[in-house]
Amino acid sequence: MCTRMRALLCVKAQPLLSRGFIHPVRPSTAVRWQAAPSKLFCSSPPDGNNTPPSMLRHLTSKIKATGPIPVAEYMREVLTNPVKGYYVRNNMLGPEGDFITSPEISQIFGELIGVWIISEWMGAGQPKQLQLVELGPGKGSLASDVLRVFSQLQSVLGGASVSLHLVEVSPALSLLQAQNLTGNRSQEADAEDDPVYRRGETDAGLPVSWYHRLDDVPAGFSVFVAHEFFDALPIHKFQRTEKGWREVLVDIDPEKPDTLRFVVAPAPTLASTSLVQADETRDHVEVSAEGGVLVQQLARRIIEDGGAALIIDYGHNGTKTDTFRGFKGHQLHDVLASPGSADLTADVDFNYLRRMAGGGVACLGPVTQRTFLKNMGIDTRMQVLLRNCSDPSTRKQLISSYNMLTNPAKMGERFHFFSLLHPSRLAKPQKPEGLKLEKKKSPAPLPVAGFTELKFA
Ligand code: SAH
C-alpha cells in the first residue's frame with residue numbers, strides 16, 4: 001500500500017511538472033538579470049554618506065526624548081516608517097538597487113514555486129477556492145511567474161477560484177507590483193478604513209488585492225509565500241553579561257552627536273526577560289518577535305482554513321549569533337550609518353519559527369535552496385530551456401543564473417525553504433471502515449514536493 005501511495009504521487013506530480021516544462025516559458029527572458037551579487041556575497045566597505053538627514057534626525061530626537069531604543073524599534077523605523085522608511089521610499093531590487101533576489105535572477109524560481117503550490121493544492125484535495133497570499137512581494141515577479149504557471153496548468157486547476165492577495169507595506173512597491181501584475185487594471189481603495197488599499201485584476205481576470213497586514217487578508221484555503229520577507233522583520237538583540245541577559249539598544253554617541261552606537265541596557269527589559277530561552281547557550285542572540293507572531297498567525301490560519309506556507313530565506317537553526325547587517329548598492333553597509341539609505345536584514349532563526357508555529361501545524365525543513373529546487377525538477381526545466389534556446393548569450397545567462405540559484409557557494413546552501421502544513425497533509429490516510437486490511441500496513445502520506453525527491457520511475 002505504501003508504495004502504491006508513493007506511486008500515486010508520482011503519477012500526479014509527473015504530468016504536473018512535465019506539462020509545465022513542455023512549453024518553455026519565454027526562454028529569452030528566463031533570466032532577468034545577469035547574475036548580480038545578492039545580499040550574501042557583498043563584502044566591500046560602505047560607500048559615501050548621502051543619507052537623507054531626516055531619518056537620522058527623527059531617530060536622534062526619539063532617543064533624546066525616550067532614551068536608547070531597542071534594535072527592533074530602530075529597524076522598524078528605518079525600514080517601514082510610513083514617511084521616511086527605506087522600504088516605503090525605495091525600489092531597492094535589481095542591478096541599480098541595493099540587492100538582488102532569486103525571483104529577480106530567474107523566472108524558473110517562481111515557476112517551480114508555482115508547481116509546488118499546485119501540488120499542495122492537489123495534496124489538500126483540490127479545494128474549490130485557492131488564495132495565493134504573498135508577504136512582501138517586491139516587484140511582483142515571483143507572483144507573476146507563479147500565475148503564469150497557473151494559467152499554463154489551467155486544466156489541472158480546473159474550476160478552482162483563484163485569487164491573489166499581497167501584503168505590502170510600501171506604497172511605491174505596491175504600485176510597481178500593480179503595474180507588473182495588472183497593467184493599468186488596478187485602483188486605490190476609496191475608503192480609508194478599507195483593509196484592501198488597492199485592488200485590481202490580472203490579464204487573465206484573476207482578482208488581486210493589496211493589504212498592509214496579514215490580519216486583513218480574508219479567511220479561506222490559502223497558500224502563503226514569503227521570500228526574503230522574514231529577514232526584513234525587526235529583531236531584538238540580546239547579550240549575555242555577568243549579571244544575566246541584557247538587551248542591546250541604539251543610543252546617540254555622546255562624543256559625536258550625529259552618530260549612533262550600540263549600548264547594552266544596564267537592567268533587564270521586558271524583551272530580555274521574555275524573549276531569551278532559559279536554556280540558551282549562545283552569548284549573543286537575535287529574536288524577531290514580529291516574525292514569531294506572524295508565524296503564529298500563519299499556523300492558526302492553516303489549522304482553521306487549510307493550506308500551507310512556504311518561507312524562503314537565509315537563516316539558521318538557532319545557532320548563529322550576530323547576523324544583523326546592512327546593504328547599499330550591493331555592498332555591505334554599517335547598520336547604524338546613514339539610517340534609511342540602506343537595507344537592514346538579519347538571518348532568520350528557523351528553530352524559533354518552528355517553536356512559535358506550535359504543535360498544531362506540521363513543519364517541514366528547512367532544506368537548502370539547492371535541494372528544494374533540484375527536488376522540484378530545476379535540472380529538467382533547464383534542459384528544456386537550453387534545448388529551445390540557440391542564442392549563445394541567453395544560454396550563457398541561463399547557465400549563470402542556474403549556477404547562482406543552486407551553487408552551494410552562492411545561493412544554493414545559504415537560502416532555505418521551510419514550510420508549515422495542515423496536520424492532515426502528513427497524516428496517514430484512514431483505512432476505509434469495513435474492509436479487512438488489518439494485516440496490511442497503513443498507506444504513507446503523499447510526499448511533499450520539494451522536501452522529498454520525486455522519482456518518476
Ligand atoms: N519578495 C521579494 C522582495 C523582498 S524585499 C523578492 O524576493 O524579490 C522585502 C519585501 O517585503 C518588500 O516588498 C518590502 O516592501 C516588504 N516588507 C518589508 N517589511 C514589511 C512589513 N513589515 N510588512 C509588509 N511588507 C513588508
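Counting starts at 1 for both ligands and their atoms, following the listed order.
Considering only heavy atoms from C-beta on, Leu214 comes within 4.5 Å of Leu298 through its side chain.
Per-residue contacts place Leu173 under 4.0 angstrom from the following atoms of ligand 1 (heavy atoms of the residue considered): 12 (C), 13 (O), 15 (O). Each of the following atoms of ligand 1 lies closer than 4.0 Å to a heavy atom of Thr101: 6 (C), 7 (O), 8 (O). Listed by number with element, the atoms of ligand 1 under 4.0 Å from a non-hydrogen atom of Gly138 are 2 (C), 3 (C), 13 (O).
If you look at Val169 next to ligand 1, the close heavy atoms, those under 4.0 Å, come from the backbone and the side chain alike.
The shortest N/O to N/O separation between His227 and ligand 1 falls below 3.5 Å. Considering backbone and side-chain atoms alike, Gly136 places an N or O below 3.5 Å from some N or O of ligand 1. Among the atoms of Glu168, some N or O lies under 3.5 angstrom from an N or O of ligand 1. Remark: ligand 1 and Ser170 share no N or O pair separated by less than 3.5 Å (distance only, no angle test).
Under the ring-ring contact (aromatic ring centres under 6.0 Å, His included) criterion, Tyr74 pairs with no residue at all, not counting sequence neighbours. Not counting sequence neighbours, the partners of Asp215 by the salt bridge (charged side-chain N to carboxylate O under 4.0 Å, His left out) test are Arg213.
When the heavy atoms of Phe230, Tyr87, Phe229 are ranked by distance to atom 20 (C) of ligand 1, first place goes to Phe229.
Remark: the Asp98 side chain and the Tyr86 side chain contain an N/O donor-acceptor pair separated by less than 3.5 Å. Of the N and O atoms on the side chains of Glu247 and Ser272, not one donor lies less than 3.5 Å from an acceptor on the other residue.
Checking each of Phe418, Phe417, Phe109 against Phe372 for a ring-ring contact (aromatic ring centres under 6.0 Å, His included) leaves exactly one that passes, namely Phe417.
Within the structure, the closest approach of Leu93 to ligand 1 falls below 4.0 Å when heavy atoms are considered.
Using a 4.0 Å cut-off between charged nitrogen and carboxylate oxygen, Glu111 and Arg381 count as a salt-bridge pair.
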